[in-house]
2 protein chains.
Amino acid sequence: MALTQLTVVDTAVDILQQFGLADLSMRRLAKELEVQVGALYWHVKNKQELLAAVAAKLLNTEQLRVIPENFATPADAVLQLCRKLYLALLPIQDSPEVIEVASALQVEQLNPVLQLRDLLHSAGLSTEDARFGQQLLLNHILGSVAYRQNLVQLDVDAPQSDGFDWGLQRAVSGLFSRD
Amino acid sequence: MALTQLTVVDTAVDILQQFGLADLSMRRLAKELEVQVGALYWHVKNKQELLAAVAAKLLNTEQLRVIPENFATPADAVLQLCRKLYLALLPIQDSPEVIEVASALQVEQLNPVLQLRDLLHSAGLSTEDARFGQQLLLNHILGSVAYRQNLVQLDVDAPQSDGFDWGLQRAVSGLFSRD
DNA sequence: ACCTGAACACCGTTCAAGT
DNA sequence: ACCTGAACACCGTTCAAGT
């Protein structure tokens, strides 16, 4: 199998899902693909861009879309999209770090983040406020996932809620109430 | 000067503030202190605990307290504390990552985070909800700082607001409105 | 065009041995 | 008790040289 950008990124996604970010090194990736490390740099510019591509692979899926028509209010659609994102990222080790790298480099390529912004906009927020609201909600999603993943990693077996949904509802309520 | 836990942590804080997390390696730290790397491990268990201690040094300062009596409403005190935290962390490179390590390891030693929780509690939220609200606000602070720091790092010179304060006001409003 | 081999300049952690 | 010296098992990135 020839080495392509696609195979490199897909293998990276695999390593991330199976072993976490600590094991996703360029050298490990090269070993998995049975090539020398240097070969990777023909297909990806550097590790940062690779991680951005990994994030895009993780997020740009049909599962992480929401059909606004299926919801009574825009707020409900927003809630649902956020919950989907949270649940999708939770089982992927270190996903918040990966997404952060990507959204710093190129938020515009992460479809669910864009849809989140769109939903907020069509719910009545100005273009700028929709961007801010998207930030608030994304911060909460990634922060909650990171917090939760740290708990299991430190075998704090307290299976207590991380308060994600509670905080989400409060945040959305704050975004849509005028005062 | 004898090597102590205190000097190790203080020097680590120095390196972080001057050069960022990428330069804060155990080896660089040893060089700065003019000892061998191994010597550090007599004074700190590992790098993770060192970073937690660094975070505590950064946050546990009198500057980052708020006098509730000075504010008309608890919500105002919460707003002020969050803004103080945001402004304090912004100039410290990679501070969100450091704080996250620390709050995963030992939230209970970060005074401003505890005060934030306390303020929410005394504002009427249940003990549990105060914890959740603290999470929501901390997520927003750290997320906004990280976002802002990434912008300057990628020399995206757009000095556009990160919407921190806008999001903060919405979040606080959501926390204190009952619906 | 695509890949190898090898180098450069680093990491965190451990541990026998010294004082 | 505290530190050195040295090792172990890694990193990301670059680049002449091969095909």
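Just so it is clear: chains get the letters A, B, ... in the order the sequence lines come, proteins before strands, and each one is counted from 1. What you see is a predicted model; the values in this text were computed from it and never measured.
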Undergrad: Both distances under 3.5 Å, Watson-Crick or G-U wobble: report the partner of C:dA1, or none.
TA: D:dT19
Undergrad: For A:T4 and for B:D23, find the nucleotide of DNA chain C with the closest heavy atom, then tell me which residue's nucleotide is more 5'.
TA: A:T4
Undergrad: Looking at A:F19, I'd like to know if the NZ or CZ of A:R28 sits under 6.0 Å from its six-membered ring centre while staying within 45 degrees of the ring's axis.
TA: yes
Undergrad: How long is the line joining CE of B:M26 and P of D:dC8, in whole Å?
TA: 21 Å
Undergrad: Can you measure B:Y41 atom OH to C:dA16 atom P for me and round it to whole angstrom units?
TA: 17 Å
Undergrad: Would you say B:D94's side chain and B:L21's backbone share a donor-acceptor pair under 3.5 angstrom?
TA: yes
Undergrad: To the nearest angstrom, how far is B:Q36 atom CD from C:dC15 atom P?
TA: 18 Å
Undergrad: Find the distance B:K47:NZ to D:dC10:C1' and express it as a whole number of Å.
TA: 14 Å
Undergrad: Let's test this: given Watson-Crick or G-U wobble pairing with both distances under 3.5 Å, identify the partner of D:dT14.
TA: C:dA6
Undergrad: Distance check needed: D:dG5 P versus B:R27 CZ, whole Å only.
TA: 14 Å
Undergrad: Can you tell me how far P in D:dC10 sits from the matching atom in C:dA9, rounded to whole Å?
TA: 23 Å
Undergrad: Does OP1 or OP2 of C:dC3 have a side-chain N or O of A:W42 closer than 4.0 Å?
TA: no
Undergrad: According to a 4.5 Å side-chain heavy-atom criterion applied to Ile, Leu, Val, Met, Phe, Trp and Tyr, with indirect links allowed, do A:Y41 and A:L6 form part of one hydrophobic cluster?
TA: no
Undergrad: Atom NZ of B:K31 to atom P of C:dC11: distance rounded to whole Å?
TA: 7 Å
Undergrad: Is the distance from OP1 or OP2 of C:dA1 to the nearest side-chain N or O of A:H43 less than 4.0 Å?
TA: no
Undergrad: Round to a whole Å and report the spacing from NZ of A:K45 to C1' of D:dT14.
TA: 14 Å
Undergrad: Just the rounded figure in Å: distance from P of D:dG12 to CZ of A:R28.
TA: 12 Å
Undergrad: Roughly how far, to the nearest 0.5 Å, is CG of B:D14 from CG of B:L24?
TA: 10.5 Å
